[in-house]
Amino acid sequence: MEPLLTAAAWLDAVGIGPWARGSSLVYPVVNTLHLLGLVMLVGGIGIVDLRIVGAWPSLPIDALSRALTPVAVGGLILMVGSGAILFAADGTALARSDIFLRKLVLIGAALANAVAFRVLWRDRQAGWTGRVPVAARAMAALSLLLWLSAGALGRWIAYA
């Protein structure tokens, strides 16, 4: 919690917090961009994950991954940038929010899972024309669960 409180104080000191709080337009626009990033991230990687789990068996996994992973990465980048501004608007309260902290843990777990998947399976995906290894399917299912759960917690922050 202390590093988040320090980050919130710094964002206020450099003017991002007051800017995000002081305009009736900044927060809703940035929140919309954050949601767009979530759609890009989960929409992109979620389709790939669903294919790896077993949906749409006629679609080649490797080609689908090459096409949609950049969309997901772009969504993640958009979410990080917009999330920093959203955090700046109410950083002290968010740093003390159990839901927000859980969301950050889930994001960290989802990113670790994504990196592990790439390290373990990237070079083998081209050969997956039939049955995908059980471990790869489990990691894809976990990816869906983690990203959707992080997104849900992000929505619940406003209600806690």
Side-chain angles (χ1 to χ4, degrees), residues 1-8 11 29-91 93-160:
M1 181 182 346
E2 189 62 39
L4 289 175
L5 289 170
T6 301
L11 288 166
V29 167
V30 173
N31 199 18
T32 301
L33 291 174
H34 199 66
L35 183 58
L36 174 61
L38 177 65
V39 168
M40 291 170 61
L41 172 65
V42 175
I45 208 62
I47 296 297
V48 175
D49 288 339
L50 286 170
R51 172 57 194 97
I52 291 168
V53 169
W56 314 294
S58 64
L59 294 176
I61 293 172
D62 195 44
L64 197 61
S65 180
R66 279 194 319 273
L68 294 178
T69 298
V71 173
V73 170
L76 179 62
I77 291 167
L78 184 57
M79 289 185 75
V80 168
S82 60
I85 296 169
L86 293 173
F87 176 76
D90 201 17
L94 287 172
R96 293 185 174 115
S97 165
D98 287 338
I99 292 175
F100 182 72
L101 297 175
R102 288 182 185 129
K103 174 187 172 181
L104 293 181
V105 168
L106 288 178
I107 291 168
L111 290 171
N113 183 61
V115 169
F117 188 92
R118 292 285 174 210
V119 168
L120 293 171
W121 305 109
R122 176 183 37 208
D123 296 335
R124 301 179 200 179
Q125 283 184 31
W128 292 346
T129 55
R131 194 95 168 132
V132 175
V134 172
R137 286 186 284 142
M139 290 178 84
L142 179 62
S143 172
L144 279 169
L145 177 66
L146 290 169
W147 287 120
L148 289 172
S149 297
L153 286 180
R155 299 299 98 207
W156 290 346
I157 289 170
Y159 305 103

Please collect all side chain to side chain donor-acceptor pair (under 3.5 Å) contacts where either partner lies in [range], sequence neighbours excluded, each pair once.
range           : value
residues 74-85  : H34-S82
residues 95-108 : none
residues 66-78  : D62-R66, S65-T69, T69-R118
residues 35-46  : none

Ignoring hydrogens, what is the shortest heavy-atom contact between [X] and [Y]? Give both atom names and the distance.
X    : Y    : result
A150 : I107 : CB-CG1, 3.9 Å
W56  : I47  : CZ3-O, 3.8 Å
R51  : L64  : CB-CD2, 3.6 Å

Distance-only, no hydrogens or angles: does the R137 side chain make a donor-acceptor pair with backbone N or O of G54 under 3.5 Å?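 The answer is no, because no donor-acceptor pair under 3.5 Å joins these two groups.
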
Which pairs count as ring pair (Phe, Tyr, Trp, His ring centres under 6.0 Å) when at least one residue sits in residues 94-115, sequence neighbours excluded?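 Listed once each, the pairs are F87-F100.
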
Filter on ring pair (Phe, Tyr, Trp, His ring centres under 6.0 Å), then keep only pairs touching residues 133-160, sequence neighbours left out; what's left?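 Residue pairs passing ring pair (Phe, Tyr, Trp, His ring centres under 6.0 Å), neighbours aside: none found.
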
Residues in side chain to side chain contact (heavy atoms under 4.5 Å, CB included) contact with [X], at least two apart in sequence or another chain:
X    : value
A109 : L146
M139 : N113, A116, F117, L120, W121
V53  : A140, A141
L78  : L33, L36, M40

Any side-chain heavy atom of V29 within less than 4.5 Å of one from T32?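 When only atoms from C-beta onward are counted, T32 and V29 do not touch, as no gap falls below 4.5 Å.
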
Measuring from [X]:[atom1] to [Y]:[atom2], what's the distance to the nearest 0.5 Å?
X    : Y    : atom1 : atom2 : answer
D90  : L11  : CG    : CG    : 12.0 Å
L148 : L41  : CG    : CG    : 9.5 Å
L94  : L104 : CG    : CG    : 9.0 Å
L76  : I45  : CG    : CD1   : 10.5 Å
L111 : L106 : CG    : CG    : 11.0 Å

